[in-house]
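See below for the structure under consideration.
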Amino acid sequence: MTRMRTMKEFSLIINGDSVATSDHFDVINPADKSVVARCPKATVEQLNEAIVAAKAAFPAWSALTYAERRAKLMQLADALEAKSNAFMTLLTQEQGKPIKGFAGLGAGFELGGTLAWIRSTASMELMPETIQDNEIAHIAIHRKALGVVGSITPWNYPLLMGIWHMIPALITGNTVIIKPSEMTPLTTLYFGKIAKDILPKGVLNVVTGAAGEIGEAMSSHKDIDKIVFTGSTPTGKAIMKSAANSLKRLTLELGGNDAGIVLADADIEAVAGKIFATAFINNGQTCAALKRLYVHESVHDQLCEALTNIAGSVKTGNGLDVDTDFGPLQNEKQLDIVKALAQDAKERGANFLCGGKVINETGYFYPITLVNNIQDGARLVDEEQFGPILPIIKFKDVEEAIASANRLAVGLGGSVWSTDIKRAQDVASRLECGTVWINNHAMVQPDAPFGGVKDSGFGVAFGEAGLKEFTSIQTMQTLKS
């Protein structure tokens, strides 16, 4: 396939300008291990220039009304939509996800979600909240922008998660510096290239480079007022340490190992497709994907058979092929993790219903894999696999399943599958996680708050609660007598 010309022209975006660097690094296509593009590698000095620009742009941007900022963001969504095909191709080349994908959950899904999130979030507004208005005084709570927001994003949804960070920060009046993962920086740089001609100078800056250098400099910099980070729990803890000296605000959406509980009365024929899709969404490389499946013994065999049949009908391959359902894992390190967890399961005597063996080494491919006859304590159950391999654990009593679901240190999402909605809700309320779904999993939307508990982080995204994360409270009291 012929490469887009824009792929060869990536630059940092600082103060509304395209900025070249003296050093670069390769971005690898995980489907064939070829170099997609040479990416600019920012220096700490260039990061500092971006911070100065963002700080200088903040007063004027925050002084605009919501309507004025909204108009700019809606214009940005329209400009991105006009380049949809280019963005989808670039997503597939740098991240690996198929253009279409299983159940339509590929690059087109990410692009569509990106547009929906921009428009929905930009339509929101935090209004003053009156808590007293009588003959004595008027007291109202106002929300004020924080200042400069630093965004550090992961490699699994590079465009969509960047939007999740940027748009609520921008609509509430903050300016932004975003550092995408060095694994998948290109769609963010391309987005920045479009945004620089729409947003005022300095409002949005894009820097790319090594996480250990640029990311650490961001989290410790005194002139960045908030860090929003999506990624691993160890990195989140490191960011907290770096941010402590400046007491900057943090929103941390960290690792998860989501449990799904299938009760005895679940309609297996009705839910098998949803379970499969939400376990293997983005090839399993989704923070809130279903990663541990606890199934009542009475329906265990039926569900295993149904999931295995679906697995046998899908194709894993290069995402640029229109009939590909699942692409490669994004990088070799993640492939090695999945292989190691599978090997441990094999050594423990687990049963592989399908998959479990690499058959295509042209890229970082691993087949859709289902594993049963496995218990808590196995690495595949206890550790987040972040890949296309699902452990299925049989249980007898729901109390046993709830205890298993809650026993790990993480708590991002969870689900309960049942035809008895009231009972499912009762079980769901006992799960220690930030979001819980009934007869679904991993589905998020712009107006429903989402975040984790325990080692899965703190703070929330989406909806009014998500907007508030990017503001401080000012209580204004006016005496009337």
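The chain is numbered in sequence order, starting from 1.
- You'll find the ring centres of F280 and F102 outside the 6.0 Å limit.
- Counting non-hydrogen atoms of other residues, nucleotides and ligands closer than 6.0 Å to NZ of K315 gives a total above 12.
- The side-chain heavy atoms of V410 and E384, taken from C-beta on, include no pair separated by under 4.5 Å.
- Comment: D382 engages R407 in a salt bridge, judged by a side-chain N to carboxylate O separation of less than 4.0 angstrom.
- Heavy atoms from other residues, nucleotides or ligands lying under 6.0 Å from NZ of K33 number more than 12.
- Open room surrounds CD on E332; 12 or fewer heavy atoms of other groups in view lie less than 6.0 Å from it.
- Between the side chain of Q334 and the main chain of G387, no donor-acceptor pair closer than 3.5 Å is present.
- Every residue two or more places apart in sequence or in another chain that forms a side-chain hydrogen bond (donor to acceptor under 3.5 Å, both in side chains) with E347 is listed here: Q343.
- A cation-pi arrangement is present between K346 and F352 under the rule of less than 6.0 angstrom and at most 45 degrees off the ring axis.
- Proximity of V176 to N205: side-chain heavy atoms (C-beta onward) are nowhere separated by under 4.5 Å.
- Qualifying side-chain contact (heavy atoms from CB on, under 4.5 Å) partners for S246, counting only residues two or more places apart in sequence or in other chains: K248.
- When each of H300, Q302, H296 is paired with S298, the side-chain hydrogen bond (donor to acceptor under 3.5 Å, both in side chains) condition holds for H296 and for no other.
- Ring centroid separation for the pair F470 and W164 does not come in under the 6.0 Å cut-off.
- For the pair K97 and Y157, the cation sits on the ring face: its NZ or CZ lies under 6.0 Å from the ring centre, inside 45° of the axis.
- Relative orientation of the F462 and F450 rings is parallel, given thresholds of 30° and 60° on the angle between their planes.
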